[in-house]
Amino acid sequence: MIAASKAKIEPGKLLIGGEWVEGSSTFATVNPATGDTLTQVAEASAEDVDRAVRAARRAFDDLGGPWRKLSASDRGKLLWRLADLVERNLEEIAELETLDNGKPIFESRYVDIPSVVDVLRYYAGWASKIHGETINSREDAFTYTLREPVGVVGAIIPWNFPLLLTSWKLGPALATGNTVVLKPAEQTPLTALRLGQLLTEAGFPPGVVNIVTGGPAAGQALVRHAGVDKIAFTGSTSVGKEIMRGAADTLKRVTLELGGKSPNIVFADSDLEAAVKGASTGIFYGKGEVCAAGSRLFVEKKVHDEFMGKLADRARKIKPGDPLDPKTRLGAIVSEQQMQTVLRYIESGKQEGARLVAGGNRVSLDGGKGFFVEPTVFDAVENRMKIAQEEIFGPVLATIAFDDLDQVAEMANQNIYGLAAAVWTNDIKKAHGLARRLKAGTVWINTYNLYDAALPFGGFKQSGFGRELGREALDYYTEVKSVWVNLA
Ligand code: NAD
């Protein structure tokens, strides 16, 4: 049974310069568990985006204004207050996220929204610790650097971790003194809009964060706008390339967190029970709609049959269920379109000759119209196949058997992406040796899918550039200025 939600969902407006305003048109945001419309949300036109950018610019440029007058420590306090408000409203926000995205309430309540609180608090702490340096390189001059905010940041967010990835951008952007125009994904705008209310309640001055809901056109307007100094984008590699091209005309700063096809490598000398669990959460957590999903599984031949037997059993036991049910561990695919993409890849895997050992089908819960797909495992995959090379972004695992370390290191790196990787072994030389050889921004050893606000996250190769989280992220939201004083 799909439970009825208790959440009251109002139509969404745009937040521009501290005012909630109508857009020029609206679009529907859909509950993927039922296929029903949750509410209508304002669609920002290029003119709306322009007004939002100008509001952000005013809030940034106004030297006597409330944002510039705040001390770094007061900016930190505002971020901390925002974190408190998110925490206080955690249940409601978690439910909104689950309704809009289809992810299990278990994930929203215990992972996504608590992590938003962590990230905001982490950057609240950084606000007062951003500084330049005094550089004593010459007798005839006093020289030092200033670290200044970049200006107006356009933040473009995908649908898979809507509020969490928003916090990855807002945290460092606001801690360093920028202003922001935020564009949530059109599939999942609701938690960003709720955050807009909390930003006002926390006391952020008008225009410091503006929210323009809408689709690719709103994103493009932001990317092209001459009043935007930096685009912080998370999303697909193909859109990332468009954004780079679009930002070139005004030479905006760009950071890109893009797709992945992360290898999860299991050696025969690992704790196999733990590795089976890791392979399963690596791909089925978040319905596989995780940029760092362990979607390519490499298993050493010596243990292949035993391992795959256990993994397939485990996968068959995970049943897609009502996302609002606390027991559900696999929710609904975010949209009908994304579900069709996933089903097409499953078909392609069969066509190319991979062996389907678990799942493979759409599931209907209570005969409803929700977008559910079984946890799916392919074995006997070859590295050249589409399901081994392309990002599926769904609960579909491609397994490849290997003989030795050199062979798997080479195969793991034969891919355009380089976001994450994992190695399962009890041999520390092998583990650390491979960690160095893998071309990926994150390497997990004997674990999968761990994140921390303090650990930088981002990609090698076509998984993008720049880093989010950690101290590293702050560099991408600041400019360095060298100041010379003549002492001669
Ligand atoms: P998407 O690229 O289609 O859309 C992402 C955002 O960009 C949305 O807000 C969308 O409206 C906007 N957009 C679309 N076209 C645009 C354009 N031409 N100009 C400006 N903005 C535009 O991605 P998606 O389908 O929402 O998300 C899935 C993708 O995101 C996957 O490829 C996934 O790997 C990637 N992702 C990466 C990370 C990471 O940290 N590396 C994290 C999460 C998701």
Side-chain angles (χ1 to χ4, degrees), residues 27 29 32 41 43-44 46 49 100-101 103 112 115 119 154-169 181-189 192 211-225 228 231-248 252 254-262 285-295 333-342 345 390-394 415-420 440-442 449 451 455-470 473 476:
F27 64 95
T29 185
V41 176
E43 168 110 42
V49 170
D100 218 8
N101 166 282
K103 65 176 66 201
D112 284 50
S115 306
V119 169
I156 304 180
I157 313 294
W159 44 256
N160 59 341
F161 291 88
L163 198 62
L164 183 55
L165 295 178
T166 298
S167 73
W168 286 21
K169 293 173 173 46
V181 179
L182 172 69
K183 198 205 81 65
E186 58 275 34
Q187 298 83 352
T188 53
I211 304 177
V212 288
T213 40
Q220 283 164 349
L222 204 48
V223 171
R224 289 207 208 95
H225 201 294
V228 175
I231 292 287
F233 172 75
T234 300
S236 60
T237 292
S238 60
V239 173
K241 290 177 186 177
E242 272 185 57
I243 286 187
M244 245 181 116
R245 281 189 283 267
K252 288 183 175 55
V254 176
T255 43
L256 301 174
E257 298 289 358
L258 309 176
K261 190 76 187 177
S262 300
Y285 185 85
K287 316 163 252 166
E289 294 168 352
V290 178
C291 48
S295 49
I333 303 293
V334 72
S335 64
E336 163 128 48
Q337 190 191 354
Q338 183 61 20
M339 179 185 67
Q340 294 304 346
T341 303
V342 171
Y345 273 112
E390 297 178 16
E391 184 181 51
I392 299 173
F393 228 53
N415 193 274
I416 60 164
Y417 297 112
L419 194 57
T442 294
N449 260 344
Y451 303 85
L455 265 283
F457 184 83
F460 282 30
K461 303 195 276 183
Q462 292 193 34
S463 290
F465 48 78
R467 288 292 178 270
E468 298 200 290
L469 302 182
Y476 296 99

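Computed from a predicted structure; not experimentally measured. Ligands are counted one by one from 1 in listed order, and the atoms in each one are counted from 1 as well. Below, all heavy atoms of this structure are taken into account, side chains as well, without hydrogens, waters or symmetry copies.
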### Query
Which ligand 1 atoms are under 4.0 Å away from a heavy-atom of Cys291?
34 (O), 36 (N), 37 (C), 38 (C), 39 (C), 40 (O), 41 (N), 42 (C), 43 (C), 44 (C)
## Note on the structure
So CD of Gln462 and CG of Leu419: to nearest 0.5 Å the spacing works out to 13.0 Å
### Query
Would one find an N or O of Leu419, backbone or side chain, under 3.5 Å from an N or O of ligand 1?
no
### Task
Specify the protein heavy atom at minimum distance from atom 35 (C) of ligand 1: its residue, its atom name, and the distance to 0.1 Å.
Gly235 O, 3.1 Å
### Query
So which heavy atom in the protein is nearest atom 9 (O) of ligand 1, and how far is it from that ligand atom?
Ile157 O, 2.8 Å
### Gly459 heavy atom under 4.0 Å from ligand 1
no
#### Entry: Nearest-option assignment for atom 44 (C) of ligand 1, heavy atoms, candidates Ile243, Thr237, Asn160
Asn160
### Message
Looking only at distances, can you tell me whether any N or O atom of Glu468, backbone or side chain, sits closer than 3.5 Å to an N or O atom of ligand 1?
### Response
no
### Summary
Residue, atom and distance of the protein heavy atom nearest atom 41 (N) of ligand 1 read Leu258 O, 2.7 Å
### Query
Are any of the side-chain heavy atoms of Leu455 and Thr442 separated by less than 4.5 Å?
no
### Query
For atom 11 (O) of ligand 1, what's the nearest protein heavy atom and its distance?
Glu186 OE1, 2.7 Å
### Message
For the CG atom of Leu163 and the CG atom of Asn101, what is their distance to the nearest 0.5 Å?
### Response
11.5 Å
### Message
Out of Phe457, Phe233, Phe393, who is nearest to atom 33 (C) of ligand 1 when you count heavy atoms only?
### Response
Phe393
### Task
Keeping the roles fixed (side chain from Thr213, backbone from Glu43), state whether a donor-acceptor pair exists under 3.5 Å.
no
### Message
Tell me whether Lys461 contacts the main-chain N or O of Asn415 through its side chain, where contact means a donor paired with an acceptor under 3.5 Å.
### Response
yes
### Query
atom 15 (N) of ligand 1: protein heavy atom closer than 4.0 Å?
yes
#### Entry: Atom indices of ligand 1 within 4.0 angstrom of Thr234 heavy atoms, with elements
5 (C), 36 (N), 37 (C), 38 (C), 39 (C), 40 (O), 42 (C), 43 (C), 44 (C)
## Note on the structure
For Leu222 and Lys183, the nearest pair of non-hydrogen atoms, with its separation, is CD2-CB, 4.3 Å
### Task
Kindly compute the distance separating CD1 (Ile416) from NZ (Lys261), expressed to the nearest 0.5 Å.
11.0 Å
### atom 18 (N) of ligand 1 - nearest protein heavy atom and its distance
Glu242 OE1, 2.9 Å
## Note on the structure
If you scan protein heavy atoms around atom 32 (O) of ligand 1, the nearest is Glu391 OE1, 2.6 Å
### Message
Which residue and atom name correspond to the protein heavy atom nearest atom 25 (O) of ligand 1, and how close is it?
### Response
Trp159 NE1, 2.9 Å
### Query
Among protein heavy atoms, which lies nearest atom 1 (P) of ligand 1, and at what distance?
Ser236 OG, 3.6 Å
### Query
Does any donor atom in the side chain of Glu391 or Tyr417 lie under 3.5 Å from an acceptor atom in the other side chain?
no
### Task
Indicate the atoms forming the closest heavy-atom contact of Gln187 with Val334, along with that distance.
CB-CG2, 4.2 Å
### Parallel, tilted or perpendicular, as decided by the 30° and 60° cut-offs, for the rings of Tyr451 and Trp168
tilted
### Task
State if Pro184 counts as touching ligand 1 under the rule of any non-hydrogen atom under 4.0 Å.
yes
#### Entry: Enumerated ligand 1 atoms positioned under 4.0 Å from heavy atoms of Leu165
42 (C), 43 (C)
### Task
Would you check if Cys291 and Phe457 make a side-chain contact, meaning some heavy-atom pair closer than 4.5 Å?
yes
